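Atoms within a ligand are numbered from 1 in the order they appear, just like the ligands themselves. If you're wondering where the values come from, they're calculated on a predicted model, not measured in any experiment.
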Amino acid sequence: GGRSNPGGFLIQARSLPKQAAADRVRDFNEITLKPNAETGQKQASRCTDCGVPFCQNACPLQNNIPDWLALSADGDLREAWKTASLTSTMPEICGRICPQDRLCEGACTLQQSGWDGVTIGSVEAWIADKAFENGWVEPIRPLAERGQSVAIVGAGPAGLAAADRLRSAGYQVTVYDRHDRAGGLLMYGIPGFKLEKHVVQRRIDRLVEGGVRFVLNTSVGSDISMDQLRQQHDAVLLAMGVYQARHLSIPGCGPNDALPALDFLIAQNRRDLGDSVEATTASGKNVVVVGGGDTAMDCVRTAIRQGATKVTCLYRRDRANMPGSAREVQNAEEEGVIFEWLAAPRALISRGETVNAVRAQRMALTEAGASGRRDIAPVADSDFDTPADLVIEALGFEPENFAEQLDPSLDISRWNTVQVARGGFATSLPGVFAAGDAVRGASLVVWAVRDGQDAAAEIDRYLRARTEEAAA
Ligand code: FAD
Ligand code: SF4
């Protein structure tokens, strides 16, 4: 496509409108306002086609961003969609929830030169949404059936991306998941205000229509064994994610005194999906969330929407050193969340049987040591109490014991993730591959998608080689 508007960034400022905080906290819908034909084209036209695609290099999928921005700027959304869908099996999902400030948009030449980066994620989601609305999303129709079958353990983004590519290549694909719905953290972890559930469901529907089989409510390792899977399928992909939550271990915190973040988030996602759920809500409560990652940000914002009286986030380090996305902290602040930076929980305080406050100690940044990195140290006599009727722990996730769960001869890394061969996806078990968070540890959706797609390509090579061996 031609570049219809060279220097568009001089005429057009970056604009990424979202609903006003006072309105958006009343429901669980996405907060970003979708571009229309005019605003979408204008934002896409800000790309200067700088010639060095830093954005593409910073995208884990190496998306061909300059090309689909130029096509979108010209109004050729169908071609833009075709280009975007070559490298990504879920552009409308990554466009919504990638931390773009740390990936494509952070690397954009305009951003780097003080002009504010192109709204790459928003344009990506826009063209993919248009493709679904206009029926441009092709159904999966393999050119030829290949006969061999692949089992995928886990229906999160890694498993779904692999299922898409493997089924398109003609394999019989069965995805097993212990949940009652597919989608993994896309469905049950990430809240609707970042990613509405129908967006995830239509991807799953497309896979089902294309012939992918989903076996839900089935835990591999207990409901069905790895041996059974390996007998019934020609290859297996492990994409289980990481789910063992770290817990608060401080005086006064009994086993039921702090609510695990994922229990809280899953309950709300189920309500959004229309299930009747009786779990604890934040309504009318003083809520304290402990942690500083994506999960903590999702919890504080969910608590606000459930009608909490006051929501406080306690984090040991300062704002600059938190692992969560800066964009999400800003959203949370706009919605009324109070951040206590440099505050380390020391104890839960109870009145009678119930917790009613979190005691925390102030931390301070230390002088830079030999490593050049500033650490934190407690400040003497600095304890303070924050009233709390509900304490939510969002301290991160570790892998489960995969060897014990699945097969004792599955090699595990020293981080307890599944060990894979260098530069690939093969595990220590022949014909068994692994991808996503189960290999990387807690990471990002876009990396899970990348892994799923690449693992599918490796499984395809493996199965083709097996077919040739058998024929020889
Ligand atoms: P998962 O999505 O975890 O899927 C694994 C699936 O395997 C699950 O459905 C699980 O039920 C199933 N499973 C596990 N064990 C078994 C078994 N034995 N048998 C059968 N099924 C099994 N990333 C972003 O990029 N942007 C965000 O905004 C973002 N927000 C997040 C918010 C929260 C609350 C959390 C927890 C994570 C967030 N992440 C975000 C990270 C992202 O969700 C993960 O990196 C990504 O989902 C990993 O994909 P996966 O396919 O490897 O695993
Ligand atoms: Fe940016 Fe993520 Fe889309 Fe890549 S997948 S272009 S990093 S939003």
Side-chain angles (χ1 to χ4, degrees), residues 55-56 58-65 68-69 84 87-88 90-108 117-125 128 151-162 175-191 194-195 215-224 226 229 237-243 245 261-262 264-266 269 293-299 302 324-325 327-328 394 396-397 399-400 402 405-406 434-452:
C55 53
Q56 179 169 11
C59 167
L61 291 166
Q62 302 276 288
N63 279 344
N64 200 339
I65 301 163
W68 50 252
L69 284 176
T87 48
S88 176
M90 41 188 98
E92 71 288 357
I93 293 177
C94 293
R96 283 173 164 84
I97 57 168
C98 273
Q100 285 96 6
D101 46 348
R102 285 190 271 148
L103 301 172
C104 53
E105 294 178 17
C108 172
V118 176
T119 54
I120 296 168
S122 155
V123 173
E124 184 180 21
I152 297 177
V153 184
L160 296 181
V175 184
Y176 298 84
D177 203 290
R178 60 188 176 192
H179 273 304
D180 58 343
R181 287 188 177 90
L185 291 172
L186 298 176
M187 188 61 87
Y188 278 146
I190 298 171
K194 282 162 61 180
L195 175 64
V215 180
L216 302 175
N217 297 305
T218 303
S219 223
V220 174
S222 51
D223 296 321
I224 181 168
M226 271 299 279
L229 277 197
L237 177 67
L238 303 177
M240 291 93 52
V242 291
Y243 283 93
L262 212 47
F264 180 63
L265 295 174
I266 290 174
N269 277 321
D294 276 333
T295 307
M297 294 311 104
D298 290 348
C299 288
T302 297
S325 153
R327 176 184 68 190
E328 300 306 312
F397 301 92
E400 292 172 33
F402 293 136
Q405 199 178 78
L406 301 175
D437 278 6
V439 175
R440 292 177 180 272
S443 176
L444 293 174
V445 168
V446 65
W447 280 114
V449 172
R450 167 75 191 266
D451 277 4

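Scanning the protein for heavy atoms near atom 14 (C) of ligand 1, the closest one is Met240 O, 3.1 Å. With respect to atom 4 (O) of ligand 1, the closest heavy atom belonging to the protein is Gly156 CA, 3.4 Å. Among all non-hydrogen protein atoms, the one lying nearest atom 32 (C) of ligand 1 is Asp298 OD2, 3.0 Å. Summary of contacts: the protein heavy atom closest to atom 2 (Fe) of ligand 2 is Cys98 SG, 2.4 Å. Atom 53 (O) of ligand 1 has Gly241 CA, 3.5 Å as its closest protein atom, hydrogens excluded (heavy atom only). When only non-hydrogen protein atoms are considered, atom 44 (C) of ligand 1 lies nearest to Asp437 OD2, 3.3 Å. Remark: minimum distance from atom 9 (O) of ligand 1 to any protein heavy atom is reached at Asp177 OD2, 2.5 Å. Scanning all protein heavy atoms for the shortest distance to atom 21 (N) of ligand 1 gives Arg178 N, 3.1 Å. Closest to atom 4 (Fe) of ligand 2 among all protein heavy atoms lies Cys59 SG, 2.3 Å. Shortest contact from atom 1 (Fe) of ligand 2 to any protein heavy atom: Cys104 SG, 2.3 Å. Distance from atom 36 (C) of ligand 1 to its nearest protein heavy atom, with residue and atom name: Thr295 OG1, 3.5 Å.
At a threshold of 4.5 Å between non-hydrogen side-chain atoms, the residues Glu328 and Lys194 count as touching. Proximity of Cys98 to Val445: side-chain heavy atoms (C-beta onward) are nowhere separated by under 4.5 Å. When side chains are defined from C-beta on, Tyr188 counts as touching Asp180, because their heavy atoms get closer than 4.5 Å. Cys104 places none of its side-chain heavy atoms less than 4.5 Å from the side chain of Asn63. Annotation: side chain of Leu185 is in contact with side chain of Leu262 (closest heavy-atom distance under 4.5 Å). Put simply, the side chain of Met226 reaches to within 4.5 Å of the side chain of Leu238, judged on heavy atoms. Looking at Arg102 and Ser325, their side chains come closer than 4.5 Å, going by heavy atoms from C-beta outward.
Taking every non-hydrogen atom of Cys94 and a distance limit under 4.0 Å, the qualifying atoms of ligand 2 come out as 5 (S), 8 (S). Below 4.0 Å from some heavy atom of Ser219 lie the following atoms of ligand 1, by number and element: 19 (N). Listed by number with element, the atoms of ligand 2 under 4.0 angstrom from any heavy atom of Ile65 are 6 (S). Against a heavy-atom cut-off of under 4.0 Å, Ile190 is close to the following atoms of ligand 1: 29 (C), 30 (N), 31 (C), 32 (C), 43 (O). Remark: ligand 1 atoms within the under-4.0 Å shell around heavy atoms of Gly154 are 6 (C), 7 (O), 12 (C). In summary, the atoms of ligand 2 found under 4.0 Å from a heavy atom of Val446, numbered by their order in the structure, are 5 (S). In summary, the atoms of ligand 2 found under 4.0 Å from a heavy atom of Leu103, numbered by their order in the structure, are 7 (S). Within ligand 1, the atoms closer than 4.0 Å to a non-hydrogen atom of Lys194 are 27 (C), 28 (O), 29 (C), 30 (N), numbered from 1 in the order shown. Those atoms of ligand 1 that come under 4.0 Å of a heavy atom in Ala158, given as number and element, are 51 (O), 52 (O). With ligand atoms numbered from 1 in the order given, ligand 1 contributes 52 (O) to contacts under 4.0 Å with heavy atoms of Gly436. Heavy-atom contacts of Leu265 reach the following atoms of ligand 1: 34 (C) (cutoff under 4.0 Å). Within the listing of ligand 1, atoms 5 (C), 6 (C), 7 (O) sit less than 4.0 angstrom from a heavy atom of Ala239. Near Asn63, meaning under 4.0 Å from any of its heavy atoms, are these atoms of ligand 2: 3 (Fe), 4 (Fe), 5 (S), 6 (S).
A heavy-atom separation below 4.0 Å is found between Phe397 and ligand 1. Residue contacts with ligand 1: Ser443 is included, with a non-hydrogen atom under 4.0 Å away.
At a heavy-atom cutoff of 4.0 Å, ligand 1 is contacted by no atom of Trp447, backbone or side chain. With a 4.0 Å cut-off on non-hydrogen atoms, Glu105 does not touch ligand 2 at all. At a heavy-atom distance under 4.0 Å, only side-chain atoms of Ala448, from C-beta outward, approach ligand 1. Residue-level proximity to ligand 1 for Gln405 is carried by the side chain, the only part with a heavy atom below 4.0 angstrom. Contact annotation for Thr218 and ligand 1: only backbone heavy atoms (N, CA, C, O) come within less than 4.0 Å of the ligand. Using a 4.0 Å cut-off between heavy atoms, Leu185 contacts ligand 1 through both its backbone and its side chain. The residue Glu328 has no part lying near ligand 1, judged by heavy-atom distances below 4.0 Å. At a 4.0 Å heavy-atom cut-off, ligand 1 touches Tyr243 through the side chain alone.
Taking CG of Leu265 as the start and CD1 of Ile190 as the end, the distance is 10.0 Å to the nearest 0.5 Å. Separation of atoms CD (Gln100) and SG (Cys59) is listed at 10.0 Å; rounding is to 0.5 Å. Between the CG atom of Asn217 and the CZ atom of Arg181 there is a distance of 10.5 Å, given to the nearest 0.5 Å. Separation of atoms CE (Met90) and CG (Leu61) is listed at 9.5 Å; rounding is to 0.5 Å.
A distance-only check finds no donor-acceptor pair linking the side chain of Gln405 to the backbone of Val220 [under 3.5 Å]. Counting only distance, with no hydrogens or angles, the side chain of Asp437 and the backbone of Ala442 share no donor-acceptor pair below 3.5 Å. The main-chain N or O of Ala84 is never found under 3.5 Å from a side-chain atom of Glu124 such that the two would form a donor-acceptor pair. For Gln56 (side chain) and Ile65 (main-chain N/O), no donor-acceptor pair under 3.5 Å exists by modelled atom type.
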Derivation of the side-chain contact (heavy atoms from CB on, under 4.5 Å) call for Arg178 and Met240: CA-CA 10 Å; Arg178 60 188 176 192; Met240 291 93 52; over 6 Å; no
Please report the C-alpha distance between Ile120 and Trp68 in whole Å, then the side-chain angles of each, then the deciding distance to 0.1 Å, and finally whether the side-chain contact (heavy atoms from CB on, under 4.5 Å) criterion is met. CA-CA 10 Å; Ile120 296 168; Trp68 50 252; 3.6 Å; yes
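With distances taken over non-hydrogen atoms, the option nearest atom 27 (C) of ligand 1 out of Ile266, Ile97, Leu238 is Ile97. By heavy-atom distance, the residue among Pro399, Pro60, Gly184, Pro157 lying nearest atom 50 (P) of ligand 1 is Pro157.
Considering backbone and side-chain N/O of Val220, one or more are found under 3.5 Å from N/O of ligand 1. Inclusion of Ala438 in the set of residues having an N or O under 3.5 Å from an N or O of ligand 1 is not warranted. Some N or O of Val445 is nearer than 3.5 Å to an N or O of ligand 1, by distance alone.
Shown here for Cys108 and Gly117, the closest heavy-atom pair between the two residues is SG-CA, 3.8 Å. Counting all heavy atoms, side chain and backbone alike, Ala151 lies closest to Tyr176 at CB-CE1, 3.8 Å.
Take the N/O/S atoms of Glu124: the one nearest atom 3 (Fe) of ligand 2 is OE1.
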